[in-house]
Number of protein chains: 2
Amino acid sequence: MPDHPHASPAGTLIAAHGGRLTRTRVAVLEVLLAAGQSLTHDEIGVALSRNGIKHDRVTLYRTLDWLVGAGVAHRMIGNDRARRFGVAVSGPHEHPHFHCDRCGKVVCLEGAQPAVAVSLPGGYRLDRTELLLHGVCASCDKGP
Amino acid sequence: MPDHPHASPAGTLIAAHGGRLTRTRVAVLEVLLAAGQSLTHDEIGVALSRNGIKHDRVTLYRTLDWLVGAGVAHRMIGNDRARRFGVAVSGPHEHPHFHCDRCGKVVCLEGAQPAVAVSLPGGYRLDRTELLLHGVCASCDKGP
DNA sequence: GTGTAATTGCAACATAGTAGCATTTGACGC
DNA sequence: GCGTCAAATGCTACTATGTTGCAATTACAC
Ligand SMILES: [Mn+2]
Ligand SMILES: [Mn+2]
Ligand SMILES: [Zn+2]
Ligand SMILES: [Zn+2]
């Protein structure tokens with residue numbers, strides 16, 4: 001719908017992955033790019049509305065699925081059973097994450113995943129490792 | 001309901017944590033002790049039924065919550081959004097876990113959690129770390 | 001045995017996500 | 001620009017997983 005959607009970094013990213021340039025797709029990716037942390041489906045929906053983007057719940061789910069499938073975004077499940085989405089900056093987010101066990105917030109941490117030396121049972125195939133630090137975030141630690 | 005529920009390891013464990021010895025509680029813990037892996041609420045329910053233990057869905061949820069609160073069991077969330085429960089053998093399961101991204105199965109791995117040297121943002125409090133290995137389990141790798 | 005708080009069972013509710021299908025639209029060739 | 005058509009959308013239902021409120025039951029201390 002914008003005159004030149006390709007002009008934005010979001011549009012470029014989407015096009016680079018062979019996806020159609022749709023209003024919701026671009027808007028969602030812009031939200032993810034602007035966010036400093038992983039966001040839930042709901043949080044993204046609220047952000048879209050704030051940006052004046054009318055959208056459907058299901059379309060948003062499908063848009064997020066597409067972004068993940070295309071490798072543009074990554075998805076992780078929080079202790080609150082909600083999936084959170086973020087831009088996949090370099091590969092499938094090979095960095096540790098912090099999960100706030102109070103509010104569910106997830107933040108990406110700097111630094112590489114530690115080298116793992118764990119032996120798997122026979123026949124098991126390893127795809128990737130994930131290091132989670134669980135605790136309480138700054139705002140939850142203060143607040144009630 | 002059994003004549004001497006204290007006689008079983010399950011009964012002993014529950015009593016040691018100051019909990020009332022109820023039929024479902026003992027039966028659930030026995031299922032967890034017998035399982036070689038973490039089980040979902042549903043899988044535990046099926047196991048109970050197979051053992052002839054009539055039970056209520058909600059009671060099972062509450063029983064599992066109690067076991068986790070008492071530190072007898074631990075709970076983790078899988079990529080399929082289902083919580084899985086296992087006996088907490090030594091502390092809050094300080095060992096790595098393997099998650100099958102195909103069927104959701106979770107298995108506890110031997111070995112200790114690697115020492116982590118990640119710096120958290122200011123004000124964040126770290127409670128525990130969790131190392132997840134993602135991949136495909138042996139049965140999923142064979143089967144369709 | 002009795003009293004009482006913990007536990008259960010049931011029905012209703014909540015949240016997060018998925019499926020089917022008719023309608024709309026982005027991209028492509030002209 | 002214009003027609004074509006698969007990809008994407010917007011609905012409406014539906015599923016899976018877990019929670020709440022409350023009256024009835026039960027384990028256990030006495
Ligand atoms: Mn990340
Ligand atoms: Mn474990
Ligand atoms: Zn928090
Ligand atoms: Zn599997």
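Naming: A, B, ... by sequence-line order, numbering from 1 per chain. FYI, side chains are in, hydrogens and waters are out, and symmetry mates aren't considered; it's all heavy atoms of this structure.
- Contact annotation: A/Arg57 does not reach the phosphate of D/dA13 (side-chain N/O to OP1 or OP2, under 4.0 Å).
- Taking atom CD1 of residue A/Ile14 and atom C1' of nucleotide C/dG26, one finds them 13 Å apart after rounding to whole Å.
- Remark: side-chain polar atoms of A/Arg25 are not paired, donor with acceptor, to backbone N or O of A/Leu64 under 3.5 angstrom.
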Take B/His41 and B/Tyr61, measure what ring-ring contact (aromatic ring centres under 6.0 Å, His included) needs, and give me the verdict at the end.
CA-CA 7 Å; B/His41 168 275; B/Tyr61 275 117; 3.7 Å; yes
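- Separating the CG atom of B/Asp80 from the P atom of D/dT17 is a distance of 7 Å, rounded to the nearest angstrom.
- As a whole-Å value, the separation of B/His55 NE2 from D/dT25 P is 20 Å.
- Spacing between atom CG of A/Leu64 and atom P of D/dA8 amounts to 14 Å, rounded to whole angstrom units.
- Rounded to an integer number of Å, the gap from A/Asp56 CG to D/dA7 P is 20 Å.
- The distance from atom CZ of B/Arg23 to atom P of D/dA27 is 10 Å, rounded to the nearest whole Å.
- Rounded to whole Å, the distance from OH on A/Tyr61 to P on D/dG10 is 16 Å.
- The side chain of A/Thr24 contributes no N or O atom lying less than 4.0 Å from OP1 or OP2 of D/dA8.
- Ion pair B/Asp101/A/Arg128 flagged as a salt bridge, since at least one NZ, NE, NH1 or NH2 atom sits closer than 4.0 Å to an Asp/Glu carboxylate oxygen.
- Between A/Thr59 and D/dG10 there is a side-chain polar atom (N or O) within less than 4.0 angstrom of OP1 or OP2.
- Evaluation of atom-type donor-acceptor distances gives a pair under 3.5 Å for the side chain of B/Arg62 against the base of C/dG9.
- A close approach under 4.0 Å does occur between a side-chain nitrogen or oxygen of B/Thr22 and OP1 or OP2 of C/dT8.
- Between A/Arg20 and the phosphate of C/dT25, there is no side-chain N or O to OP1/OP2 separation shorter than 4.0 Å.
- One can place CG of B/Asp65 at 17 Å from P of C/dA6, the figure rounded to the nearest angstrom.
- Using a 4.5 Å cut-off between side-chain heavy atoms of Ile, Leu, Val, Met, Phe, Trp and Tyr, with links allowed through other members, B/Leu126 and A/Leu131 fall into the same hydrophobic cluster.
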